[in-house]
2 protein chains.
Amino acid sequence: MQLPPLVQTFVLHFGEMGSRWGINRTVGQIYALLFVAERALNADEIVERLGLSRSNVSMGLKELQAWNLVRLQHVPGDRRDYFATPDDIWQIVRTLVEERKKREVDPTLTLLREILMQEPGSPEERHAQARLREMHDLFELFSGWYTDVRRLDTDRLVQLLSLGAKVQRILEVKDRLRLVPGRRRGSPTASD
Amino acid sequence: MQLPPLVQTFVLHFGEMGSRWGINRTVGQIYALLFVAERALNADEIVERLGLSRSNVSMGLKELQAWNLVRLQHVPGDRRDYFATPDDIWQIVRTLVEERKKREVDPTLTLLREILMQEPGSPEERHAQARLREMHDLFELFSGWYTDVRRLDTDRLVQLLSLGAKVQRILEVKDRLRLVPGRRRGSPTASD
DNA sequence: TCGGATTTTCAGAAATTTCTGAAAACCCAG
DNA sequence: CTGGGTTTTCAGAAATTTCTGAAAATCCGA
């Protein structure tokens, strides 16, 4: 592995972290390398920098492409494929969340719904269903929140995150307003 | 594996899902089983229901305890250990997030800070640092948001999630207020 | 302290995942 | 077409992770 020390530290750490998620170590390393690279890299450059076999890099890149985490680029007059991560880090976050939702949350929700359709054959099953309904509702809540929030443009999103729990105040106001009788429909927020 | 079909479906799915995260299949299965169980189970009951070896179950339970995901209980007059998941599903979510933060986000933030302290020795390293600063700031933002939001009681949290992107309206109001000249210090939110 | 019940440990076996080199497939300029 | 440069595939090798049985440790009532 022939890398500036600073980069190497990060690449190794990210590889380890990757293996704690579903991603394998080398895929994590490849991604880390591309993330900090000044320009798009081709497969041989990755091989050289990380000391992996050519075929391993090929498979790693294939996987990253399947996740939509790298973009394929071409350099004029060069037939090789070059790979890069999006410049906008928020785009990366969005892709990551989107893909994990697609692969993990959605199938789980489908399964839970199926289970909840079944007729329980015993008190034990009845209890299991009740428990799984709780889980289902939780996932639905998150899922709905996400499809909602995903639309926000990045500035708004950052604003919201920076606000943190201060948003709570708004809820308190909402509560107070709710106590006022005769309140009409609409958004009982600060805009009133 | 001797389980009601409905439970078995869930246990198997959850096991698979577990292995897509850092958790191994059997640990996932044990957790799933405890989650839907009507009462706390002892190790032998888990062995019997999931068809695993006694030692495997022992290690799985140890791991779940290390994650604070199961509580140890005792039945009067019985020397065996019984295990259960918290009844409150939100407690489970909180533990899960807390532990993952501790194991993944915090160490990464530490590493990123260390890297950012170093003096870049080349333009390549300078660029890598700039990129990693972006990542660092992103993690800080999430981390700060989380420490803030974690304090909210569950009702408020659910309220917030249900609200979804409608919270955006509040930001719009905030913007409008900011345009008003001569505004004094304090929180220019609904609470004014 | 003893003895039975229970849990934990751990070395090796089994299963799974990752990695590699060699060969095949692809792709385009000439 | 053809040929060289490039990427992909894939069977087996290597590495890692998971799982097991047997033995050791622990724990507690008598």
Side-chain angles (χ1 to χ4, degrees), chain A residues 1 11-34 40-67 69-84 103, chain B residues 1 11-34 40-67 69-84 103:
Chain A
M1 192 179 286
V11 164
L12 291 178
H13 175 85
F14 207 83
E16 275 332 302
M17 275 306 153
S19 61
R20 291 217 200 161
W21 288 57
I23 299 146
N24 87 37
R25 194 180 308 115
T26 51
V27 174
Q29 292 182 355
I30 294 172
Y31 190 78
L33 179 63
L34 293 177
L41 302 178
N42 65 46
D44 284 323
E45 290 172 325
I46 297 171
V47 164
E48 175 185 321
R49 284 178 175 54
L50 298 181
L52 306 170
S53 76
R54 183 53 234 267
S55 50
N56 200 358
V57 169
S58 177
M59 292 179 126
L61 288 170
K62 211 178 97 188
E63 172 133 7
L64 288 172
Q65 282 177 287
W67 278 81
L69 282 170
V70 295
R71 285 176 302 116
L72 179 59
Q73 290 183 341
H74 281 107
V75 172
D78 189 335
R79 275 164 61 184
R80 287 169 296 181
D81 294 338
Y82 283 79
F83 299 88
R103 289 157 200 247
Chain B
M1 193 178 284
V11 164
L12 291 178
H13 176 85
F14 207 84
E16 275 333 299
M17 275 305 153
S19 62
R20 292 218 198 160
W21 288 58
I23 298 147
N24 85 38
R25 195 178 310 115
T26 51
V27 174
Q29 291 182 356
I30 294 172
Y31 190 78
L33 180 62
L34 293 177
L41 302 178
N42 66 46
D44 284 323
E45 290 172 326
I46 297 171
V47 164
E48 173 185 322
R49 283 179 178 51
L50 297 181
L52 306 171
S53 76
R54 183 53 235 267
S55 49
N56 200 358
V57 169
S58 178
M59 293 178 126
L61 288 170
K62 211 178 97 188
E63 172 133 9
L64 287 172
Q65 281 177 286
W67 278 80
L69 281 171
V70 295
R71 286 176 301 115
L72 179 59
Q73 290 183 342
H74 280 107
V75 172
D78 188 335
R79 276 162 63 182
R80 287 168 296 180
D81 294 339
Y82 284 78
F83 299 89
R103 289 155 201 248

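All chains are named by letter (A, B, ...) in the order of the sequence lines, taking the proteins before the strands, and each is independently numbered beginning at 1.
Contact record, Q29(A) with M1(A): OE1-CE, 3.9 Å, taken as the closest heavy-atom pair.
D81(A) comes within 4.0 angstrom of sugar-phosphate atoms only, judged by non-hydrogen atoms across all strands, and of no base. At the heavy-atom level, R79(A) lies under 4.0 Å from base atoms of the strands shown. Note on N56(B): a base of the nucleic acid sits closer than 4.0 angstrom, heavy atoms only.
Spacing between atom CE of M59(A) and atom P of dC10(D) amounts to 9 Å, rounded to whole angstrom units. In this entry the distance linking CD1 of I46(B) with C1' of dT6(C) reads 14 Å, nearest Å. Here dT16(C) presents its C1' atom at 14 Å from CZ of R25(A), a figure rounded to the nearest Å. Note: CG (D78(A)) to P (dG4(D)) measures 19 Å, nearest angstrom. Rounded to whole Å, the distance from CD on E48(B) to P on dT6(C) is 14 Å.
Comparing L52(B) and D44(A) by the nucleotide of DNA chain D that holds the closest heavy atom to each, the one mapping nearer the 5' end is D44(A). Across the interface with DNA chain D, nearest-nucleotide mapping of V27(B) and L61(A) shows L61(A) to be the residue nearer the 5′ end. Both F83(B) and G51(A) sit near DNA chain C, but only F83(B) has its closest nucleotide nearer the 5' end.
Relative to the side chain of S58(A), the nucleotides dT7(D), dC10(D), dT18(D) differ in distance, and dT7(D) lies closest. Considering only the side chain of R54(A), dT7(D) comes nearest among dT7(D), dG21(C), dT20(D). Picking from dC19(D), dT18(C), dT7(D) the nucleotide with the shortest atom distance to the side chain of N24(A) gives dT18(C).
L41(B) pairs in a side-chain contact (heavy atoms from CB on, under 4.5 Å) with only one of the listed residues (L34(B), D81(B), V57(B), I30(B)), which is L34(B).
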